[in-house]
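Read the structure below first, then the notes.
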Protein chains: 2
Amino acid sequence: MESRVGISVTLEVVCGKWKGLILWKLLQDESLRFNALRRSLDGNISSRILARELKQLMNDGLVERIDHQTVPPHVEYRLSSYGRSTASFLHAMNQWGIKHQEEMRAVQSYPGRTGDESTP
Amino acid sequence: MESRVGISVTLEVVCGKWKGLILWKLLQDESLRFNALRRSLDGNISSRILARELKQLMNDGLVERIDHQTVPPHVEYRLSSYGRSTASFLHAMNQWGIKHQEEMRAVQSYPGRTGDESTP
DNA sequence: CGGCATCCCGTCCGATACTG
DNA sequence: CAGTATCGGACGGGATGCCG
C-alpha cells in the first residue's frame, strides 16, 4: 500500500508558483488579511489567483479563514495548527533554494559544465 | 535584494508532477537507466516527459548523464553530488506527505470541516 | 475590503508513432 | 534501449472588470 510516495502528496499540496510562498508568509506573520497577504507576496499575485490558492489550502486543512463579519469586510487568514507542521519541509526548501541560487551563479561564471542551452 | 524567497527557487526546480519523484528514486537507487527509472516511477510517465524532466534536472546541475557509448545504447542517470543535497528537503517532504495522507483520511471520516466537494 | 466572472495564453502532461 | 516528433487536452496563471 506504500506505492504512494510522500513526495507526490506534498507536491500536490504546495506545488505551483504561489502555495509554498503563501504558507511561508503565514508562517512568519501569524495572521494576515487578504490584501495584506497579497501585497506581501513577492511581486504581483492577482486576487483571483490568491483566492483560489487559499481555497485549496483551506480544503487541505492547512489554512483557516476568520471572517469578522463586519462592514467593510475584515477577513483574516492564518495557518491551522496542522498547517504549521509544513514548517518542517518549508524551512529545508528555503535553505536549499537560497544555496541553489548561489550555486547557479557560480556555475554560470565558470562555463565548464555542459554549455548546452545554446544548442537547439 | 533578499526579495527572492528560497521557497520559490526550490519550487521552480522540483515543482510539477514528476521531478520530485525522480530525484527521490535517484536518491535511493544511486544509478538508473532510462527505462528502469521510467518503470520505477509510480505509474506511467511517458518517455517524452521523462526525457524532458531529466534534461531540466541536468540543466539545474542535479542529475548527471553517463552514456556508455555502446550499441545498443546504455545510458545511466545519477544524482550529482550537488543533487544529493536535495535530500535535505525531500526527506522532510516525504515524511510530511505520508502524514498528510493519514490526516486527510481522518478528516474525511469526520465530515465536519467544509463538506463541499460535492458542490459542482 | 474581499472576493467572483470572463477571457486568454503558455505550460504541463499524456498517448501514439517513429528513429538510431 | 534511449530517446524524438506530433498531436491534443487540461490546468495554471495573468489582466480586467464588476459586485456585495
Side-chain angles (χ1 to χ4, degrees), chain A residues 5 7-8 11-23 25-26 29 31-60 63-78 114 116-117 119-120, chain B residues 5 7-8 11-23 25-26 29 31-60 63-78 114 116-117 119-120:
Chain A
V5 184
I7 304 271
S8 307
L11 279 176
E12 276 178 19
V13 175
V14 293
C15 200
K17 189 172 177 180
W18 298 112
K19 292 229 197 81
L21 234 26
I22 293 169
L23 292 172
K25 287 296 179 186
L26 289 175
D29 281 350
S31 175
L32 283 170
R33 300 178 62 167
F34 187 87
N35 280 307
L37 175 56
R38 188 153 114 80
R39 285 183 219 101
S40 81
L41 291 174
D42 255 318
N44 32 15
I45 184 176
S46 68
S47 60
R48 190 179 82 92
I49 302 299
L50 179 55
R52 190 187 60 191
E53 307 296 291
L54 284 171
K55 253 182 206 167
Q56 292 172 5
L57 291 170
M58 284 161 47
N59 215 317
D60 284 324
V63 169
E64 290 169 350
R65 189 188 124 114
I66 296 102
D67 189 339
H68 291 221
Q69 304 280 12
T70 61
V71 178
H74 183 130
V75 180
E76 292 178 47
Y77 292 91
R78 59 176 59 196
T114 56
D116 52 357
E117 68 282 285
T119 65
Chain B
V5 183
I7 304 273
S8 307
L11 279 176
E12 276 177 21
V13 175
V14 187
C15 202
K17 189 171 177 182
W18 297 111
K19 291 230 197 82
L21 234 26
I22 292 168
L23 292 172
K25 288 295 179 188
L26 288 175
D29 280 351
S31 175
L32 283 171
R33 301 177 63 165
F34 187 88
N35 281 307
L37 175 57
R38 188 156 115 80
R39 283 184 221 101
S40 81
L41 291 173
D42 256 314
N44 32 14
I45 183 176
S46 68
S47 58
R48 189 179 85 92
I49 301 300
L50 180 55
R52 190 188 60 190
E53 307 295 291
L54 284 172
K55 257 182 204 167
Q56 292 172 4
L57 290 171
M58 285 161 45
N59 214 319
D60 284 324
V63 169
E64 289 169 352
R65 190 189 122 113
I66 295 99
D67 189 340
H68 291 220
Q69 304 280 11
T70 62
V71 178
H74 183 131
V75 179
E76 293 178 45
Y77 292 91
R78 59 177 58 196
T114 56
D116 52 355
E117 68 285 287
T119 63

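Within every chain, numbering begins at 1; the chains are lettered A, B, ... in the order of the sequence lines, protein sequences first and strands thereafter.
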Task: Rounded distance in Å - CZ (A:R38) to P (C:dG2) - done: 10 Å
Open item on the list: Tell me the closest heavy-atom pair linking B:S8 and A:L21, and the distance in Å.
Closed with: OG-CD2, 3.1 Å
Open item on the list: Nearest to the A:R65 side chain among D:dG13, C:dC13, C:dG3, which nucleotide is it?
Closed with: C:dG3
- [ ] When you get a sec, tell me which of C:dA15, C:dC4, C:dG20 is the closest nucleotide to the side chain of B:N44?
- [x] C:dA15
Task: Whole-Å distance separating the NE2 atom of A:H68 from the C1' atom of C:dG2 - done: 13 Å
Task: Whole angstrom value for the distance that separates P of C:dC1 from CD1 of A:I66 - done: 19 Å
Open item on the list: In whole Å, I'd like the distance from the CG atom of B:L50 to the C1' atom of C:dC12.
Closed with: 15 Å
Open item on the list: Does this structure show an ion pair linking A:K55 with A:E53, if we count only N-O contacts that are shorter than 4.0 Å?
Closed with: no
Task: B:R33 CZ - D:dC1 P separation (whole Å) - done: 7 Å
TODO: Respond yes when some side-chain nitrogen or oxygen of A:K55 is under 4.0 Å from OP1 or OP2 of C:dC4, and no when none is.
DONE: yes
Open item on the list: Can you tell me if B:R39 touches the phosphate of D:dA2, counting only side-chain N or O atoms and a distance under 4.0 Å to OP1 or OP2?
Closed with: no
- [ ] Look at the side chain of B:Y77 and decide which nucleotide, out of D:dG13, D:dG3, D:dA2, has an atom nearest to it.
- [x] D:dG3
Open item on the list: Let's see if you can work this out: which of C:dG3, D:dT4, D:dG13 has an atom nearest to the side-chain heavy atoms of A:E53?
Closed with: D:dG13
Open item on the list: So for atom CG, which belongs to A:D67, do other residues, nucleotides or ligands contribute more than 12 heavy atoms lying within a distance under 6.0 Å?
Closed with: yes
Open item on the list: The side chain of B:F34 is closest to which nucleotide in this list: D:dC1, D:dA2, C:dG2?
Closed with: D:dA2
Task: Heavy-atom side-chain proximity of A:F34 to A:V75 below 4.5 angstrom - done: no
Task: No-H, no-angle donor-acceptor pair, B:R48 side chain to D:dG3 base, under 3.5 Å - done: no
Task: Selection from C:dC4, C:dC13, D:dG13 that lies nearest to any side-chain heavy atom of A:S47 - done: C:dC4
Open item on the list: Need to verify one output field. Residue with the more 5' nearest nucleotide on DNA chain D, A:W18 or A:P73?
Closed with: A:W18
Open item on the list: From CG of A:L54 over to C1' of C:dC1, roughly how many Å is that when rounded to an integer?
Closed with: 14 Å
Open item on the list: Given C:dC1, C:dG3, D:dG13, identify the nucleotide with an atom nearest to the side chain of A:I49.
Closed with: D:dG13
Open item on the list: Return whichever of A:R52 or B:K19 has its heavy-atom-nearest nucleotide of DNA chain C closer to the 5' end.
Closed with: A:R52
Task: Nearest-angstrom distance from the residue atom CD of A:Q56 to P of D:dG12 - done: 6 Å
- [ ] Provide, to the nearest angstrom, the distance between the CG atom belonging to B:L32 and the C1' atom belonging to D:dA2.
- [x] 14 Å
Open item on the list: Please verify the inter-ring angle class for B:H68 with B:H74; under 30° counts as parallel, over 60° as perpendicular, anything in between as tilted.
Closed with: parallel
